[in-house]
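Notes follow once the structure below has been shown.
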Amino acid sequence: MASDRFLRCFSLLILLSGPALVTASSSIGINYGQIANNLPSPDDVVPLVKSVGATRLKLYDADPRVLKAFAGTGIEFTVGLGNEYLARMRDPAQALAWLKSNIQPYLPSTKITCITVGNEVLTLNDTSLTADVLPAMQGLQGALAKLGLDDQVTVTTPHSLAVLETSYPPSAGAFRRDLAAPLTEILKFQAKAGSPFLINAYPFFAYKGNPRQVPLDFVLFESNPGEVDPSTGLHYDNMLFAQIDAVHSALASLGFRNLTLHISETGWPSRGDADEVGATPENARKYNGNLMKIMAQKKGTPMRPNGDLNVYVFALFNENMKTGPTSERNYGLFKPDGTPAYALALNGSSDAGGNGTIPTKSGSPPLAAETPASTSTGSSTGYLAISSGVMPFCSNSLRLVPCYN
């Protein structure tokens, strides 16, 4: 019965939205999370994901129900190992056993292309986890090679933007000095393995932390004067691209200029607590809708104008069992019944900036889906609070600098 209700709501959504939901850029990925007791089954999610043109999903575990449901769809998957698994994955035998149970059975029907090892480990201030992350990545890489899967599946780990010590100007982006050593070793591994560097970036937290100084239009991709990097002369009209290029600069400073960068999480909540300034349906609509329009243009950042933007929006559904502030339960593009959490006006009125240009009208928006990742306490039933370890960015005449408490 629940499935029938979902399909009726989903059918209504398609009728109301028409082709606008079907033709959007296929370059946006979705974080697919399931910390809720009222979500549709993975089988029912398949047509919803297809309807928005999304071609990539990111999970925080290797949920067999999801991997089975999406078999034969061509959707590309990133699956996750929670922080609680890291110590075990150092053991080659356990890494091999995990792959045989959780990855190999679903290939090639389900297109699994990447495994994330832990989540935001380096900014948790947990020395044991920090010591485990690279050996765990190496253990999985070795096991993939043993199974002959290392050409199909890569291994990486997502980082909080708090790994940066300097973010303004973007050309001066640099990693924290206390993290330079472990990061360099991880980057050496990734450069050899050919896996992407993952960053979770949330301009929402910069605005929430300092709404009087951070211009709302700058974080929502709306028309605004922007800011010029004094070192390069490059113009930035949105915070996310400035953050991305700060990471590009930080990678280059350590000798890894050519390493591929993916934004593994970004999004905006449609509801929040009284102190969560900016968490409204209208702002969420603008942030996600404008981002999708920019992605549809297939343009890069000011520093990498011809580079591919790989972005995973957070998240597919509102999840009613997540802990923390109200915003944590309201990042979804969709409600659990498949109806939109807010109207994404992809053919609508707001002007989305991107490298100083205004995107043309585009079609369907891909959604962002998230799946359970580990919490800071090691639970496998939830992922880290979005706000955990995320360094907000303050504005000084639009200049992005880290805000420290």
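Residue numbers count from 1 along this sequence. Bear in mind that the values here come from a model prediction, so they are computed numbers and not experimental data.
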Presence of salt bridge, D337 and K335, under 4.0 angstrom:
no

Take K111 and I75, measure what side-chain contact (heavy atoms from CB on, under 4.5 Å) needs, and give me the verdict at the end.
CA-CA 6 Å; K111 191 177 180 182; I75 302 294; over 6 Å; no

Does some side-chain heavy atom of [Y] sit less than 4.5 Å from a side-chain heavy atom of [X]?
X	Y	answer
F70	V45	yes
I244	I199	no
F77	L59	yes
L57	E76	no
T73	V46	yes
F175	R177	no
D229	Y168	no
T266	V311	yes

Using the side-chain contact (heavy atoms from CB on, under 4.5 Å) definition, which of the options L140, I112, L147 pairs with I103?
I112

Donor-acceptor pair, [X] side chain versus [Y] backbone, under 3.5 Å?
X	Y	result
T157	V117	yes
H235	P225	yes
D44	P40	no
D132	L86	no
D217	P215	no
S249	P170	yes
N210	A206	no
Q190	P196	yes
T130	T127	no
N238	V219	no

For a side-chain contact (heavy atoms from CB on, under 4.5 Å) check, start with the C-alpha distance between L149 and L99, then their side-chain angles and the critical distance, and finish with the verdict.
CA-CA 10 Å; L149 299 176; L99 289 173; 5.8 Å; no

Polar side chain donor-acceptor pair, [X] to [Y], under 3.5 angstrom:
X	Y	result
N288	Y342	yes
S160	N200	no
Q141	D150	no
D43	S41	no
D245	Y236	yes
Y202	E265	yes
S327	E276	yes

Assess the residue pair K68 and T110 against the criterion (side-chain contact (heavy atoms from CB on, under 4.5 Å)); give the C-alpha distance rounded to whole Å, side-chain angles, the decisive distance to 0.1 Å, and a yes or no.
CA-CA 7 Å; K68 288 177 183 176; T110 303; over 6 Å; no

Atom [atom1] of [X] and atom [atom2] of [Y]: how far apart are they, to the nearest 0.5 Å?
X	Y	atom1	atom2	value
K58	C114	NZ	SG	9.5 Å
H159	L122	NE2	CG	5.5 Å
N83	L124	CG	CG	6.0 Å

Under 6.0 Å from the CZ atom of R271, do we count more than 12 heavy atoms belonging to anything else shown?
no

Verdict with reasoning, E282 to R285, per side-chain contact (heavy atoms from CB on, under 4.5 Å)
CA-CA 5 Å; E282 177 65 8; R285 178 189 71 81; 2.6 Å; yes

List the residues meeting ring pair (Phe, Tyr, Trp, His ring centres under 6.0 Å) with Y287, not counting sequence neighbours, and say none if there are none.
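Y287 satisfies ring pair (Phe, Tyr, Trp, His ring centres under 6.0 Å) with F221, W268 only.
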
Residues two or more places apart in sequence or in another chain: which of them pass side chain to side chain contact (heavy atoms under 4.5 Å, CB included) with A36?
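Here the qualifying residues are N38, L39, E319, N320.
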
